Structure formats: structure tokens, C-alpha cells
Amino acid sequence: MINAKDWNQEQQRLDLVTEKLQARIVELDPEVAGLRDQATDIRRRFWEEVTVNTSTYEDFEETFYSIKQQEALLSERERSYLLRMQQWKSMKRLLLSPYFGRIDFQENGLSFSEQIYIGVSSFVDTDGLSFLIYDWRTPIASMYYDYSPGAAEYDTPAGSITGTMKLKRQYQIHEGQLCNIFDTDLTIGDELLQQVLGKSADAQMKSIVATIQKEQNAIIREDKSRMLIVQGAAGSGKTSAALQRVAYLLYKHRERLKADQIVLFSPNPMFNSYVSTVLPELGEENMQQTTFQEYLEYWIGTTLCLEDLFDQIEYVLTAQEHEARLSGIEYKASVAFLQALQNYAQWLGQEGMRFNSICFRDRELITVEQMKTQFYSYDSSIRLANRVAMLQEWLLKELTILERKEREALWVQEELYYLEKEQYAAAFSELHKERGVFDFAEHYEEVHEIVHNKRRRDEGDFDYAEREEEILRRMIVKDHFKPLRRSVKQMLFIDMVGLYAQLFGNKDNYGKMTNETEAPELWPDICEQTKEKLSRLELFYEDATPYLYLKELVEGVRTSTEVRHIFVDEGQDYSMFQYEFIKKLFPRARMTVLGDFGQAIFAQSTELYVSDSPLVRLYGESETRLVRLVRSYRSTREIVEFTKSLLPSGKEIVPFERSGKKPLLSMVGSNEQLATQIAEDLAALQAEGFASIAVITKTAAESHDAYELLTAQGCPSLRLITKKTPTFEKGTLVIPAYLAKGVEFDAVLIYDASSQTYHRESERKLFYTACTRAMHQLLLYTTGEWTPFIQALDTSLFEVNIRH
């Protein structure tokens, strides 16, 4: 704490800043309201100001430019409104807590020091030059996170500024009132961080700008590497730092980077809701948030039904005989299979391509053999995807020829019979006047020809009725051929399912197609499982990305060049295929990968950073930076000491010094006693004030059973979480361990920590993940022998409660 004189001076400054903020808000109120009303009025009267006339080309052109003029006016008003609204919201946010930190910095060569107050956004005095508050993302504010009092420096576009930090001070301000002040030699004083970490878990992740640590600041401001890998222990603040990094990038590059140019791949839809408030808290729009499953489903389309990642892990955790499937998952995620697919694509350039014939009205218009002949007539030195594009162009030309021939077919004459002569004219009138610009443009040639022929008819040298019938025939056939053209443009003439299935024959054929790639030992069983799944037009999750990778090799890469930054959370759960696919999808994007190999619970997991690993080779070692976060902030010291001992590599994890109760292990005699004990513990935790509690199970089936058992015990307000749960909310949840990843709770109850449930070595990390969700209390239960992961622990790490 500081002396009374300094406190009074700080209070006076806070009052002054609050007064200026209030004045600025009052000034902005009428501007915001006025611009909003103008935009609303322009939008309401938009079409009143535009005369729509498409009678002639000149009228159409005049209408087009009239619409563009109104659109530009509306856009200008809406931009002005949004800018003022953003400023207004920023002032309102600052009003509650204007700043959280201060540094006094004396630049070398100057005789005075500057007081720099740091908050979630900048606030400039009425002179337009004096910063009353600096945004935490400004270069000068970086010193607050990176230095203790003493020599300090910060980078600017003009170079590095060096000097001396005379003072570092931290504030707690609540609803405009000064609550606490700390002077500290540390980056963030223990007092403030203790208070923040001691609070209850929330339904949404909160901003951490007031408590960013030096190592987290390095993640946030890293702006040179194409690949940033963050390897962090559970609870080390990986995701929080990544979200602040998004806010920093949007601030630093605000002239050329927009929120929709950043994509976050989340572990599940519920996690999206959990992190959805962080950026709006900082005055930024949310980036695009999705799951990799959603991307896979989008690119695969409706051709195949895709298994999801959670169904895959359920199978792995529950199936009795799954060695072949596990072997297949591991192999299909490997670099060896990646190379095999590349070799397979080269082989397809010589033979083995599979196509679907193009059929129309129960007839084959273009056969598979015709396509093969045409495809392999192209120069074999041309890349596979380019030859496919050439075949596509040939097919479209062939369809144009066949379409002309089809106009004389009997079925076309029969369709004409359904139209009265008056309807001919009405159809073209409707086409011309009422179908709108897009249909008009699509049939421009036909309409133009009708107008031209009408002129010729008026001049007496043309049989208009006969020509009109020809034009209608053309339009009828063109409409019927549209689906064929669309399917060719969508590459549906390629039998992608057949091409992928073709890989899974015997070992000799596989070797022939993939340049003698060695298949795994259980290859026959892997092939049988894969082909059986494909025969039902279904796809294992582990096949999805290899399938799409092959599709890209055959059809060409579909890219999104607008996206500039990709964030991958729980990065250890992605295979190399998935990283390769993401890189192909977003070739101009930088990538930030966050993960913890200690939580690698899925079978296709990738080690994030080892020398010369495939992930590092993705962008090259010189373009890749690793940041390790070893300090765990989420849990109490007692919980971290317990959980880190569960992992062979856990020794490097450092707990934050926040004390609490040791994990409590309860052994009961039956399932009935288990339900009773958990119900009692839930009631005690709720009475203690914990608002976020999770009963964590191993599988979805176990979650359902636990939910039913505890509901029968009268546990109030339980909520069962499944893979389809869209939002994360406070309360008492029953949830499988793999869905709890990335989320934290005040208290965690491990429903069954027995050797019967957790006995495979492959389940160690799943058990660790479940236990590390707890912030304040961790309780574990068993009706039998404890899991061997617990039996191997030092008994001083936990307390025991035996109840029979």
C-alpha cells in the first residue's frame, strides 16, 4: 500500500479523468444518435430515391449508378455511426475502470519522466495530444508487462527507445472508485493476481490485460514468425494470451487487418461461447470462430457422412477390440501416409483415374471411357490437377454441343405444348421486367434476340413465331442442362470416393500405387474397416483430412487468400494432415498453435515442438518460434502438485503460490453410496458459494448414467453436457472429460477414478486433463481399487476419505 498523500493525489487524478470521460460521453451522445437516425432514414428511403428502369441498356445503366450512389451515401453514414459508436462504447467501458496500471518512464537524454497510465483503450485529452490513458497494446505500455523499475526500453517504428522506469504501480478500480493501489517490483504484483485467481469461474472467459505476465506478453506481441507454437501447461493462460494477441493484432494493424480475417479453430462449439466475450470486452469485434469438424463437413459436403472427433474417442475409450482401428488412426495421421498420397497422385497421372459418367434423362451423354480416353490423351508431364481442369473444360464444351442437339428432342416439343401462345409473350415479359437483374443478365442473349427479331418482324421480313419457338427451345434445354453444367463445375464427374477406396486393396497393390510405401502390419483389417465404412458412404474421422488432401491433389487447391491469421487451440489434437490442409486452405495466413502435449488425449495427436518435427517443417525452423509456459495459474498449489505428478514430464510445471485444500479421495462401498456421497459433496460445495462445478466422467455414456443417478438423488439444477451443447453456462454440470478441455471450474468431482475405468496407459492424459479443470477444489471417487495413476503418487499429495 502507498501513503495517504499519494493516495489522495491518485484519487484526484481518477476524479479528473472520470469527469473528462463523462464530458466526452455527453458530447458523443447526440452525434451517435444523429448518425444512427440518418443511416436508418437513408436505409428506409433507399428505394424511394432510386427509379428502377431496365427498359433499355441506357436506362439499366442509369439505374445501376443511381443505386451505387445511394449505397455509397448509406455506407458513409454507417461508417461514421459505427466509428462514433465504437468511441462511445470505449468511453463507457473506461468509465467503470479507467486504468489498471501506471509506469513513470524517463527517456535517456531527457530531464523529466512521463507518467503513463494504462487501460483497456486510449483516452486523449481535449487538446488532442495529451494521453490521459494509454491503450495496453501501445508500444510504450509493453514496458509495464516486461520490466521492473530500472533500465527499460520499448520498440517504435522509428527504433528502440531506452530509458529508466522510475515507478510501477497497479490499481484496482471498481465502478469509478479507487479500491487498492500497489507499488511493485514484479511484472504483476502477487496481491492483484492472487485476488483475480481467487475468484469464481465464470460462464465466459474474461480479459487478462491487467494481469498479463511477461511470458504471456511475448506471445501477445510476437509479430515476426509465420508459425508461433505455444506449449503450455494446463492452466498456464495459453488461450487467454492468444485472445489478447488477437486484440493486439487488430490494434497494431487496424488499417489493414479486420476481425473477419482471423480464424480461431476451437475444440468444440461450447468453447466458442466460453471465449466469445473476451474481444468485445476490449472493444474489438470477434474473429471467426469455428471447429475443425465444421470445416471438414463444409469441404466434404453432402457426398459422405462424416464421423466426428468425439465419436472417434468414444469408440477408442469403449471398444474392446480396437487394435486395427487404432493402428489405422495412427497410420492415417502419419507423414508416411501423407507421402503415400502424394505418390498415389503421381501414379494416377499414368493410370487408375476414376470418373462418373454424365447422364441425362436415363441416358449416358458422356461415358466413363470417353473421359478416361480424353484425360490420358493430355501430356503426362502436365500436373494432375491441371489435366483435370482441362478435362473439365472439355466436358463443358461437349455439353454445349450436346445441348444444341437436344433442342430437337421430342421431350422439348412436349414441354412446349404446355405453353399457350399468350404465355410465350408473358414469359418473356416476365423475364424482361420482373425476374430482376440476375435472371435478365443470364438470358441476355435470348432477350436481345427477341428484341432484334421483333424489329425484323415489324419490317416484314421475319417469321417471328417460328423464331420465338426456337428461342424457347434453347431456353428450355439450357435450364435442363444447368444441373449437368453445375455438377461438372463442382468436379462431380470425378469419383473421389472410388479414388480413395482404391487405395485400400492388398499390400501389393498399395505398394504399386504409392511407389512401394510400406503398409502397417494390420493393413488387411484397416482396409476392410475403411472400405466397409465407405460402402455406406460414411467416413471415419481419421480419413476425413487424408480424403480432402487427396481431393486437393486431384482437383486443385481451393484457397482463402483473405484470411491473415489462424489460431489453433488444443493444437496437440490435430494430425499433420490437418495442419497441411489448413496451410493449403489459408496460404497467406500466419499460424498460432496453442497446446499441451500432456493433454494429448486423441489418437492422432501431434507433438507440438521437437527438433525437425513435421510441424516445424511446415513453415521452416527460421519462420517458427516456440514459447513455453510452465507456470500454472488456474489451480491452487495443492491441486497442481497433485496433477503434475500424474505425468512423467510434469516435473517442469511450476504452481502459482495460491494455497487451498488438498485433493480429496473418497472410497465408497457401492454405486448407491457413490451417488449419496457425491450428492452430499455437491450440496456442500454449492453452500460454500461455488457457482461453477463439474462432475467429470470418462465417456458420454458414463455422463448419462451419472446424470440419471444424481438426479434420482435429488441433486438440484444438474445439466448434462453433450457434444451438441452449444453454450457454456454456470451451474453444476455433468460432462465427459474430452468436452471439458479448455474450460475451468471452481470445483471438479471425478466421478469414477477406479482402475476399472482408468487402467490403460493411453488414458493417463485424459485423466490428467479431467483433474486439471479444477480451480479451487478437486474431489475423486471410486467404488473399488484406485487407478494405477493415483496408486503411484506420493500419499502426501492428497487426503483420503473411506466410507463403507
Side-chain angles (χ1 to χ4, degrees), residues 10-11 13-33 35-36 79-103 116-126 128 130-138 140-142 144-145 169-181 188 192 195-196 199 202-212 217 220 240-252 254 257-259 262 273-287:
E10 291 287 5
Q11 184 65 62
R13 187 186 192 276
L14 177 60
D15 293 341
L16 175 65
V17 171
T18 300
E19 183 181 322
K20 289 178 178 288
L21 282 168
Q22 290 170 333
R24 182 60 177 144
I25 291 168
V26 170
E27 183 183 325
L28 283 171
D29 279 338
E31 291 185 44
V32 170
L35 287 168
R36 181 184 61 234
R79 275 196 301 272
S80 297
Y81 166 66
L82 290 173
L83 179 60
R84 291 293 189 277
M85 176 58 79
Q86 190 176 31
Q87 292 174 349
W88 183 84
K89 286 182 176 177
S90 177
M91 299 303 104
K92 295 285 279 188
R93 271 194 309 272
L94 287 176
L95 196 58
L96 297 175
S97 181
Y99 40 83
F100 53 79
R102 165 188 164 186
I103 56 174
I116 298 155
Y117 285 81
I118 301 164
V120 295
S121 59
S122 293
F123 180 48
V124 182
D125 208 345
T126 50
S130 304
F131 275 82
L132 297 174
I133 306 170
Y134 283 86
D135 191 299
W136 64 277
R137 296 166 289 189
T138 55
I140 199 168
S142 67
Y144 173 75
Y145 301 109
R169 182 166 287 175
Q170 298 158 2
Y171 305 88
Q172 282 185 304
I173 302 171
H174 181 64
E175 295 186 354
Q177 297 298 312
L178 192 58
C179 301
N180 274 313
I181 303 175
I188 299 298
L192 183 57
Q195 291 183 34
V196 171
K199 292 180 179 178
D202 211 324
Q204 271 88 33
M205 181 179 284
K206 295 299 182 184
S207 162
I208 62 165
V209 293
T211 56
I212 291 169
N217 197 41
I220 292 167
S240 297
L243 293 171
Q244 317 304 310
R245 173 170 166 76
V246 173
Y248 170 77
L249 291 169
L250 288 171
Y251 175 85
K252 182 176 180 182
R254 54 192 175 278
L257 180 66
K258 306 301 179 189
I262 303 174
S273 80
Y274 180 59
V275 301
S276 62
T277 59
V278 173
L279 288 172
E281 259 186 46
L282 298 171
E284 302 290 355
E285 292 182 36
N286 259 323
M287 65 278 173

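The structure displayed is predicted, hence computed values, not measured ones. Values below: every heavy atom of this structure, side chains too, minus hydrogens, waters and symmetry copies.
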**Request:** Heavy atoms only: give me the nearest Ile220-Tyr248 pair and the separation to one decimal.
**Result:** O-CD2, 3.1 Å
**Request:** Using salt bridge (charged side-chain N to carboxylate O under 4.0 Å, His left out) as the criterion, list what pairs up with Arg245, not counting sequence neighbours.
**Result:** none
**Request:** Might you work through the side chain to side chain contact (heavy atoms under 4.5 Å, CB included) test for Glu284 and Val246, ending with a clear yes or no?
**Result:** CA-CA 9 Å; Glu284 302 290 355; Val246 173; over 6 Å; no
**Prompt:** How far does CD1 of Ile118 sit from CD1 of Ile140, to the nearest 0.5 angstrom?
**Reply:** 8.5 Å
**Message:** Which heavy atom of Leu282 sits nearest to which heavy atom of Gln244, and what is that distance?
**Reply:** CD1-OE1, 3.4 Å
**Asked** Do you know the tightest heavy-atom contact between Ile181 and Tyr171?
**Response** CG1-CD2, 3.9 Å
**With Ala259 via side chain to side chain contact (heavy atoms under 4.5 Å, CB included) - residues at least two apart** = Leu250, Glu285
**Item:** Shortest non-hydrogen contact between Ser142 and Asn217, atoms and distance
**Value:** O-ND2, 3.8 Å
**Item:** Closest contact, heavy atoms only, Tyr134 versus Ile116
**Value:** CD1-CG2, 3.4 Å
**Asked** Could you state the interatomic distance from CG (Asp135) to CD1 (Ile133), rounded to the nearest 0.5 Å?
**Response** 10.0 Å
**Request:** Answer whether the closest heavy-atom distance between the side chains of Val26 and Met91 falls below 4.5 Å.
**Result:** no
Can you give me every donor-acceptor pair (side chain of residues 13-20, partner residue at least two apart or in another chain, under 3.5 Å) with its distance?
| unit_1 | atom_1 | unit_2 | atom_2 | d |
| --- | --- | --- | --- | --- |
| Arg13 | NH2 | Leu132 | O | 2.8 |
| Asp15 | OD1 | Gln11 | NE2 | 3.0 |
| Thr18 | OG1 | Leu14 | O | 2.8 |
| Lys20 | NZ | Asp125 | OD1 | 3.1 |

**Prompt:** Do Trp136 and Phe100 come within less than 4.5 Å of each other through their side chains, counting heavy atoms only?
**Reply:** yes
**Request:** Could you tell me which residues satisfy salt bridge (charged side-chain N to carboxylate O under 4.0 Å, His left out) with Lys252, sequence neighbours excluded, listed by chain and number?
**Result:** Asp223
Side-chain polar contacts of residues 92-99 - donor-acceptor pairs under 3.5 angstrom, sequence neighbours left out - could you list them?
| unit_1 | atom_1 | unit_2 | atom_2 | d |
| --- | --- | --- | --- | --- |
| Arg93 | NE | Glu281 | O | 3.3 |
| Ser97 | OG | Ile173 | O | 3.3 |

**Request:** Give, for atom CZ of Arg24 and atom OG of Ser90, the distance between the pair rounded to the nearest 0.5 Å.
**Result:** 10.5 Å
**Prompt:** For Tyr144 and Gln170, what are the C-alpha separation, side-chain angles and deciding distance, and is it a side chain to side chain contact (heavy atoms under 4.5 Å, CB included)?
**Reply:** CA-CA 10 Å; Tyr144 173 75; Gln170 298 158 2; 3.2 Å; yes
**Request:** Over all heavy atoms of both residues, which pair between Ser276 and Ser273 is shortest? Give the atoms and the distance, please.
**Result:** OG-O, 2.8 Å
**Sequence-distant partners of Glu10, salt bridge (charged side-chain N to carboxylate O under 4.0 Å, His left out), two or more places apart** = Arg102, Arg169
